[in-house]
Undergrad: 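Structure in structure tokens, see below.
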Amino acid sequence: MFSVFPPRHSLLVAALGLVLTRLSCSSLSVPDIPHIAVYFGTKTRYEEVNPHLLRDLTAVNTSVLRPPANERCTPVHLTAIIRHGSRFPTAKNIRRIHKLSELVRTESFRSSAGSGSSADRLQELQSRWEMWYTEDMDGQLVMKGREDLRQLAKRLYGLFPSLLSEENLSRISLKSSSKHRCVSSVEAFQEGLRDAWRGQEVQYNHQVDDELMRFFERCRGYVEGVENNRTALLEVEKFKHGQEMDAVRRRIAEKLGLPHQRLTPELVEAAFFLCSYELSIKSLHSPWCFLFDESDAKVLEYKSDLKQYWKRSHGHVISSMSSCPLFHHVFRTLDKAGRPRRSTDAAPEPASILVGHAETLLPLLSLLGLYRDKTPPTASNYQSQHGRSFRTSRIVPYAANILFVLYDCQRGPRLQMLINESPVRFPGLEKEDAPLYREVRATYRHLLDGCDFERECEGRIIGRGPNIEL
Ligand SMILES: *[C@@H]1O[C@H](CO)[C@@H](O)[C@H](O)[C@H]1NC(C)=O
Ligand SMILES: *[C@@H]1O[C@H](CO)[C@@H](O)[C@H](O)[C@H]1NC(C)=O
Ligand SMILES: *[C@@H]1O[C@H](CO)[C@@H](O)[C@H](O)[C@H]1NC(C)=O
């Protein structure tokens, strides 16, 4: 059960064990959750998006499946694209956390740190909190992350008992990114299915496929034009040093009793992430959380949304186009599953489970035309962006998922999309939850006929200019 952890983490494992025991004893009461937990961007827990799971992780609500009631529909295929579960910070963030904790340990002065309760909390931080993150934890899945995927698998089984049945196991396709946290996640998903079947042993049968799940690092136009291009993320840099962030920095520095210039935007973010990590890894309300009130958290959430928008989403067309291989894979799979068959044909895949990253899901969602607000978020329009639909805390928390459900119905196959287990309608087909599959195909015709990875990702570079073939 503890096998995700390398042996040198045994102490940590023991500590987590204690935490978990304590939690399970008090599982009837909803634990103490920092009020800023819904603003953690890609570090948000899945439960913050679906709070009913805090009471019952196994709750399945079949009313989310919405084919027309009068067409006698049955689900025939499920494609699920799933982000890995909760994980440790990456080495880069662990180094920042280390720097922050050293700074606070050696340079914060209680006497100058605000008044009363603020000073007490700083004292708690300095005397009770210990730096326990080590660089070798680097982004690995934590126990809670394994649980995220196990429980998701069980709930999906509850929604689609015939598709995810034990008898169908050998025909369920399971693919994962090669990253450790994803492989551990796809294993946990299979364990969840076994639990649902009350089966005995799991024989893992997933495949690693980075062409599909890590397309972004193979797309040269993306890597050179966005990933390694400092000007591509200009809005993020500007916001980081803009007035909203600066005000947050000053407030936090004051609470910490630090000179404001010592607390860089990176260190402010490290403190915010610490609050998120202690919640998502240990289910703790960390003493670091007291530093942030709701308006601070919204500013920091906006900062990470800006980054995801300009790096992985609508900010640059190439970011979404880099997901063309995954887009085509999904539609090829759906085409096959929906095709009329003679009784002698082999039965199609009942389910396709694809485990990747936030960086896998966001470009695909963008390609599909979702979460595209009228005005792009920039460094200067924070005030007008409070109602934006592009909020990564809602879209890509840990264990985020996009589900495509294909139904066999009297008028032909229909397709429904769910994001994080809630129905979401296809842009342009907003009248129905589950439009006819052929209408969905017609909506995405331009992509089905184009969206060519070689051309989008390599073509631009060879030509060093705009694509003139269009
Ligand atoms: C199920 O979800 C629907 C909305 O999709 C909601 O109205 C209903 O109350 C939910 N039922 C339960 C038991 O949670
Ligand atoms: C870098 O990004 C900027 C802004 O998006 C763009 O104008 C420029 O062409 C990009 N540079 C490269 C080498 O792609
Ligand atoms: C297996 O999957 C198919 C769809 O491919 C479905 O019709 C069938 O009911 C599933 N269950 C079993 C037990 O085969």
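As the structure lists them, so they are numbered: ligands from 1, and atoms in each ligand from 1.
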Undergrad: For ligand 2, is H316 a contact, meaning one of its heavy atoms is under 4.0 Å away?
TA: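 Within the 4.0 Å threshold, so yes.
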Undergrad: Counting from 1, what ligand 2 atoms have a heavy atom of G225 closer than 4.0 Å?
TA: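 Result: 1 (C), 2 (O), 14 (O).
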Undergrad: Flag the pair Y371 / F390 as yes when their ring centroid distance falls below 6.0 Å, and as no otherwise.
TA: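 They do not qualify: ring centres at least 6.0 Å apart.
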Undergrad: Given L234, N229, I318, which one has a non-hydrogen atom that is nearest to atom 8 (C) of ligand 2?
TA: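 Looking at heavy atoms only, the winner is N229.
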Undergrad: When you compare the side chains of T42 and Q308, does any donor N or O come within less than 3.5 Å of an acceptor on the partner?
TA: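 No, no side-chain donor-acceptor contact under 3.5 Å.
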Undergrad: With heavy-atom distances below 4.5 Å as the criterion, would you say the side chains of R312 and L361 are in contact?
TA: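 Answer no - side chains too far apart.
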Undergrad: Considering only heavy atoms of T231, which atoms of ligand 2 have at least one such atom less than 4.0 Å away?
TA: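 Listed by number with element, the hits are 1 (C), 2 (O), 3 (C).
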Undergrad: I'd like to know whether the aromatic ring centres of F239 and Y302 sit less than 6.0 Å apart in this structure.
TA: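 Yes, close enough.
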